[in-house]
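Only heavy atoms go into these numbers, but all of them, side chains included; no hydrogens, no water, no symmetry mates.
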Amino acid sequence: MKVGMIRCMQTEDYCPGTGDFQTVRARAGAFRGEDEVEVVGFINCGGCPGKKVVLRARSLVAQGADTIAFTSCIQKGSPIGYPCPFAKRMKELVQKEVGENIRILDYTHDAQ
């Protein structure tokens, strides 16, 4: 798996993505059962309401991503306790843009 991760711009001041990278290394969370995981990029959504998410997902695919992971801060609201109200729509728009051959993950790790 070559994964590009999209995180919440609002959480950047609180979280450097450590949990996401630890989860990849441990093959835990959304990466459980994967033999090999390479992170090709780690970028934010561009700010509410996910203004640049499609452009950024397209860029991650251009860098070789075969999987786009919306990090746990988007779906589960960690660490600020506020899940993204635009998560479902962002996922729909990204899937439409990148096509069905690109896998979309709803989260990366369990909330910490």
Side-chain angles (χ1 to χ4, degrees):
M1 170 190 291
K2 291 186 176 189
V3 65
M5 292 192 263
I6 299 175
R7 67 178 304 166
C8 171
M9 187 173 168
Q10 300 299 321
T11 64
E12 285 184 335
D13 292 337
Y14 303 100
C15 174
T18 305
D20 302 300
F21 291 106
Q22 287 173 342
T23 302
V24 167
R25 282 192 301 275
R27 305 294 186 272
F31 308 102
R32 189 175 321 279
E34 295 293 332
D35 292 332
E36 210 174 300
V37 181
E38 176 187 341
V39 176
V40 300
F42 188 78
I43 195 165
N44 71 47
C45 64
C48 298
K51 296 180 273 195
K52 298 179 182 177
V53 73
V54 170
L55 174 65
R56 292 177 177 192
R58 188 184 317 140
S59 174
L60 291 167
V61 170
Q63 294 300 315
D66 58 26
T67 304
I68 300 293
F70 287 98
T71 60
S72 293
C73 53
I74 290 178
Q75 291 288 0
K76 297 183 176 201
S78 57
I80 61 175
Y82 185 74
C84 175
F86 309 106
K88 181 180 178 193
R89 183 67 178 142
M90 284 193 304
K91 180 181 176 183
E92 290 168 355
L93 291 170
V94 166
Q95 189 73 76
K96 182 178 178 182
E97 173 66 24
V98 300
E100 295 298 321
N101 292 331
I102 302 296
R103 184 174 167 196
I104 306 289
L105 302 178
D106 289 327
Y107 78 109
T108 48
H109 59 83
D110 294 325
Q112 297 174 340

Peer 1: Under 4.5 Å between any side-chain heavy atoms of Lys52 and Asn44, yes or no?
Peer 2: no
Peer 1: When you compare the side chain of Val24 with that of Met5, does any pair of heavy atoms fall below 4.5 Å?
Peer 2: yes
Peer 1: Can you give me the closest heavy-atom contact between Phe42 and Leu60, atom names plus distance?
Peer 2: N-CD2, 4.4 Å
Peer 1: Identify whether Val61 and Val39 are in the same connected component of the hydrophobic contact network (ILVMFWY, side-chain heavy atoms under 4.5 Å).
Peer 2: no
Peer 1: State, with a plain yes or no, whether a side-chain heavy atom of Glu34 is found less than 4.5 Å away from one of Val3.
Peer 2: no
Peer 1: To the nearest 0.5 Å, how far apart are CD1 in Ile68 and CZ in Arg58?
Peer 2: 11.5 Å
Peer 1: Side-chain contact test, heavy atoms from C-beta onward, threshold under 4.5 Å: evaluate it for Val94 versus Phe70 and give yes or no.
Peer 2: yes
Peer 1: Given the rule that I, L, V, M, F, W and Y join up when any side-chain heavy atoms are under 4.5 Å apart, are Tyr82 and Tyr14 in one cluster?
Peer 2: yes
Peer 1: Any sub-3.5 Å donor-acceptor pair from Arg103's side-chain atoms to Met1's backbone N or O?
Peer 2: no
Peer 1: So does Leu55 get a backbone contact from the side chain of Ser59, meaning a donor-acceptor N/O pair under 3.5 Å?
Peer 2: no
Peer 1: Would you name the heavy atoms of Met90 and Cys45 that are closest together and state the gap between them?
Peer 2: SD-CB, 4.2 Å
Peer 1: Within this structure, what is the NZ-CD1 distance for the pair Lys2 and Ile102, rounded to the nearest 0.5 Å?
Peer 2: 11.5 Å
Peer 1: When you measure from the side chain of Ser72 to the backbone N and O of Asp110, does any donor-acceptor pair fall under 3.5 Å?
Peer 2: no
Peer 1: At what distance, to the nearest 0.5 angstrom, does CG of Asp20 lie from OG1 of Thr108?
Peer 2: 3.5 Å
Peer 1: Using 0.5 Å steps for rounding, measure from the NE2 atom of His109 to the OG1 atom of Thr71.
Peer 2: 7.0 Å
Peer 1: Could you tell me which non-hydrogen atom of Cys73 sits nearest to which non-hydrogen atom of Cys8, and how far apart they are?
Peer 2: SG-N, 3.3 Å
Peer 1: Give the minimum heavy-atom separation between Tyr107 and Gly29, together with the two atoms involved.
Peer 2: OH-C, 3.5 Å
Peer 1: Between Ile6 and Ile43, is the side-chain contact (heavy atoms from CB on, under 4.5 Å) condition met? List the steps.
Peer 2: CA-CA 5 Å; Ile6 299 175; Ile43 195 165; 4.3 Å; yes
Peer 1: Rounded to the nearest 0.5 Å, what's the gap from OG1 on Thr67 to CD on Glu38? Could you check?
Peer 2: 11.5 Å
Peer 1: Verify, without hydrogens or angle tests, whether Gln95 (side chain) and Gly99 (backbone) share a donor-acceptor contact under 3.5 angstrom.
Peer 2: yes
Peer 1: If you round to the nearest 0.5 Å, how far is CZ of Phe86 from CG of Leu93?
Peer 2: 12.0 Å
Peer 1: Heavy atoms, side chains only, cut-off 4.5 Å: are Arg7 and Cys15 in contact?
Peer 2: yes
Peer 1: Between Met9 and Gly47, which heavy-atom pair has the shortest distance, and what is it?
Peer 2: SD-N, 3.3 Å
Peer 1: What are the two closest non-hydrogen atoms of Val40 and Ala65, and how far apart are they?
Peer 2: CG2-CB, 3.6 Å
